[in-house]
Amino acid sequence: MVLPTEQTALPSPVPTTSPGGGRGTSALPVRLDGVARAFPAGRGSTPRTVLAGVDLEVAPGEIVAVLGPSGCGKSTLLRQVSGLDAPTAGRVTVDGTPVAGADPRTAVAFQEPRLLPWRTLTQNVALGLPAGTPRPAGRERVARLLDLVGLSGAAELRPRQVSGGMAQRASLARALARDPGVLLLDEPFGALDALTRLRMQDLLLDVHAAQPATVLLVTHDVEEALYLADRVVLLRTLGQGAAPAGSVARVVEVPGARPRDRAARDLAELRAELLDGLGVPTHHDR
Amino acid sequence: MSDRAAVTAPSGPAGPATAAGRARLGRAGRVALGLLVPVALLGAWWGTTAAGLVPPYQLPGPVAVWDAAVDLVERGQLWHHVAISTQRVLVGFAVGAAAGLAVGALVGLSRLGDLLLAPTLGAIRAVPSLAWVPLLILWLKIGEESKITLIAIGAFFPVYTTVAAALRHVDPHLVEAGRAFGLRGLRLLSVVQLPAVLPSLVAGLRLALAQAWLFLVAAELIASSMGLGFLLTDSQQNGRVDRILLAIVLLALLGKVTDALIGLAERRLLRRWA
Ligand SMILES: Nc1ncnc2c1ncn2[C@@H]1O[C@H](COP(=O)(O)OP(=O)(O)OP(=O)(O)O)[C@@H](O)[C@H]1O
Ligand SMILES: [Mg+2]
């Protein structure tokens with residue numbers, strides 16, 4: 001499962017304690033009931049509905065991948081769960097209580113790294129620590145997380161001095177530092193090269209095994225969804241006004257326990273199905 | 001020092017072309033180039049007065065001005081004038097800049113604050129500095145308060161304007177990231193928003209300091225018994241052109257030195273921020 005690479009960024013075998021040295025918050029269930037979000041579209045015109053009728057129940061510790069064409073509302077969906085945005089209809093609960101305002105039980109790794117340019121990577125990751133973390137413990141935890149994402153050597157650099165992929169890994173470390181009950185990842189591996197991407201996927205699984213969290217993972221990559229997720233939620237782009245179907249096109253269970261074989265044959269059908277759903281013709285003959 | 005031609009007009013961060021030019025020149029070269037014009041001016045001044053082209057009661061030579069300085073130092077007055085003026089500028093600048101920062105933050109971050117305060121502040125800003133003097137003297141007498149208040153008014157506006165404008169344009173993505181990690185209110189301000197506008201803030205502080213010197217002279221010209229502004233009016237009444245020139249040279253030097261200090265801090269900051 002650990003890829004043979006010259007760098008050994010991964011702790012292997014999986015440590016029994018949390019690799020980030022967290023306090024061991026448990027994973028929390030997430031529930032969306034008829035969630036909709038519409039954005040006002042200029043004066044006079046009707047609001048543009050981006051999300052509609054999203055019902056979803058995510059069990060504690062489950063990894064759910066959110067897949068869908070660009071602009072269909074994946075990031076918007078995550079923002080509803082994080083409490084950074086509020087739905088125009090429906091409700092979102094985490095562990096049974098409604099989400100209202102930025103929720104401390106969730107942590108986000110945004111689609112863009114969004115690091116503070118004047119802080120070093122270490123200081124940026126430390127921003128993710130939960131309020132009230134004692135200083136020495138926090139420092140140690142940040143160092144371990146940076147090590148985990150392969151950034152020990154860049155710890156004292158500023159975001160402008162590192163590559164896009166490094167910044168994105170720092171952003172992931174910042175979210176992990178929170179040790180959240182719900183981890184919201186918006187294309188966390190989008191800016192990574194193929195090899196680092198595979199390594200980070202395994203890292204995520206290691207962290208998840210050791211430090212349980214419910215994970216909502218937005219991705220464009222069908223392979224990634226099938227490798228990481230328990231279920232895949234396929235979103236569709238809502239049309240103009242007509243056909244008030246919900247945003248969720250389908251929800252697919254991914255068979256097999258993790259870690260999965262990346263080349264598993266039994267996933268081929270599912271892969272084709274999801275690619276079809278994304279509108280990519282697969283020429284798949286059975 | 002060489003790159004700042006005028007105290008009142010500090011330029012922004014240099015473009016890449018000038019930056020490269022500076023790097024090639026080296027530090028000593030830059031200082032030398034910057035001193036070229038002052039030295040030439042001094043030479044011309046000395047030349048015209050020594051040759052008797054201008055009568056001394058209109059333009060005394062550099063040597064006479066130097067003698068006037070030595071004379072005032074020996075009487076124990078020069079240091080006094082310089083110290084009191086510098087103190088007024090620094091205190092007024094600190095008060096005005098702090099108020100400018102606070103009000104700028106309020107107007108820049110809160111829509112209500114903006115709607116409520118911005119029009120009024122815009123109108124007050126339009127009042128020329130000298131128009132305040134009679135009112136301040138009437139209210140606060142000729143003591144230190146009236147002068148420091150005037151200087152604070154002068155320092156307030158550059159900081160207020162730059163901070164309010166910059167805070168409105170802080171990258172909303174960064175602010176949202178701050179909120180996502182539990183920052184709110186003053187913590188959000190100190191961790192995300194203020195650092196984001198720090199370069200603008202320093203530029204505003206630089207302008208404010210220049211304004212503070214400007215308003216100092218306005219205050220001291222009209223109502224004071226000490227300070228460089230007083231030295232100017234007093235010497236005018238006594239016909240001491242040498243002392244007038246001395247006061248002008250001192251104001252130029254003091255303004256330049258205090259500006260250079262902020263400029264130094266600014267350059268350090270920008271290296272880290274950009
Ligand atoms: N604050 C906003 N105001 C108005 N429209 C918005 C806002 N945020 C998002 N939208 C709209 O909602 C739609 C979905 O945006 P979102 O960022 O969720 O897409 P996405 O699925 O994450 O796309 P991508 O895969 O390209 O990141 C877009 O059409 C966008 O224009
Ligand atoms: Mg997105």
Side-chain angles (χ1 to χ4, degrees), chain A residues 75-76 78-86 99-120 123-133 138 142 156-161 167-168 170-180 182-186, chain B residues 12-16 19-20 101 104-105 108-111 162-163 166-206 262-274:
Chain A
S75 300
T76 306
L78 282 202
R79 288 164 50 78
Q80 310 308 311
V81 180
S82 66
L84 290 172
D85 191 27
V99 169
D103 199 297
R105 297 168 296 179
T106 64
V108 198
F110 294 97
Q111 192 164 356
E112 322 76 23
R114 301 199 191 181
L115 303 173
L116 302 180
W118 52 88
R119 288 185 163 217
T120 62
Q123 293 166 332
N124 265 292
V125 173
L127 198 67
L129 293 169
T133 309
V142 168
E156 295 314 310
L157 296 181
R158 289 179 209 293
R160 255 174 268 248
Q161 297 169 303
Q168 203 173 27
S171 163
L172 176 65
R174 180 175 63 179
L176 291 174
R178 202 139 187 89
D179 195 7
V182 180
L183 188 57
L184 304 169
L185 305 176
D186 199 343
Chain B
L101 181 60
L109 293 176
S110 137
R111 178 127 181 80
T162 47
V163 167
L167 279 176
R168 277 191 204 110
H169 297 116
V170 174
D171 181 0
H173 272 177
L174 287 188
V175 176
E176 193 184 58
R179 284 205 293 132
F181 288 100
L183 303 177
R184 241 182 276 128
L186 278 181
R187 285 269 296 147
L188 187 64
L189 182 69
S190 66
V191 175
V192 179
Q193 286 152 326
L194 270 191
V197 302
L198 207 60
S200 316
L201 172 63
V202 178
L205 286 177
R206 246 180 130 167
I262 294 196
L264 212 67
E266 187 180 24
R267 231 163 300 159
R268 275 212 185 159
L269 263 176
L270 289 181
R271 209 173 304 145
R272 193 172 145 185
W273 254 238

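All values below come from the heavy atoms of this structure, side chains included, with hydrogens, waters and symmetry mates left out. Letters A, B, ... are given to chains in the order of the sequence lines, protein chains preceding strands, and every chain is numbered from 1.
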Next on the checklist: To the nearest 0.5 Å, what is the distance between CZ on Arg179(B) and CG on Leu174(B)?
Outcome noted: 12.5 Å
Checklist entry - Between Asn124(A) (side chain) and Thr120(A) (backbone), is there a donor-acceptor pair under 3.5 Å? => result yes
Checklist entry - If you count heavy-atom pairs under 4.5 Å with chain A, which of Gly182(B), Gly178(B), Ala180(B) comes out on top? => result Ala180(B)
Item to check | Atom CZ of Arg184(B) with >12 non-hydrogen neighbours under 6.0 angstrom | outcome: no
Checklist entry - What distance do Leu167(B) atom CG and Leu109(B) atom CG have between them, rounded to the nearest 0.5 Å? => result 4.5 Å
Checklist entry - So which part of Arg79(A) gets closer than 4.5 Å to some heavy atom of chain B, the side chain, the backbone, both or neither? => result side chain
Next on the checklist: Please classify the contact between Leu198(B) and chain A as side chain, backbone, both or neither, with a heavy-atom cut-off of under 4.5 Å.
Outcome noted: neither
Checklist entry - Which region of Leu115(A), side chain (C-beta onward) or backbone (N, CA, C, O), has a non-hydrogen atom less than 4.5 Å from a non-hydrogen atom of chain B, or is it both or neither? => result backbone
Item to check | Per-residue contact mode, Arg114(A) against chain B (heavy atom under 4.5 angstrom) | outcome: both
Next on the checklist: Nearest 0.5 angstrom please: Asp186(A) CG to Ser75(A) OG, how far?
Outcome noted: 3.5 Å
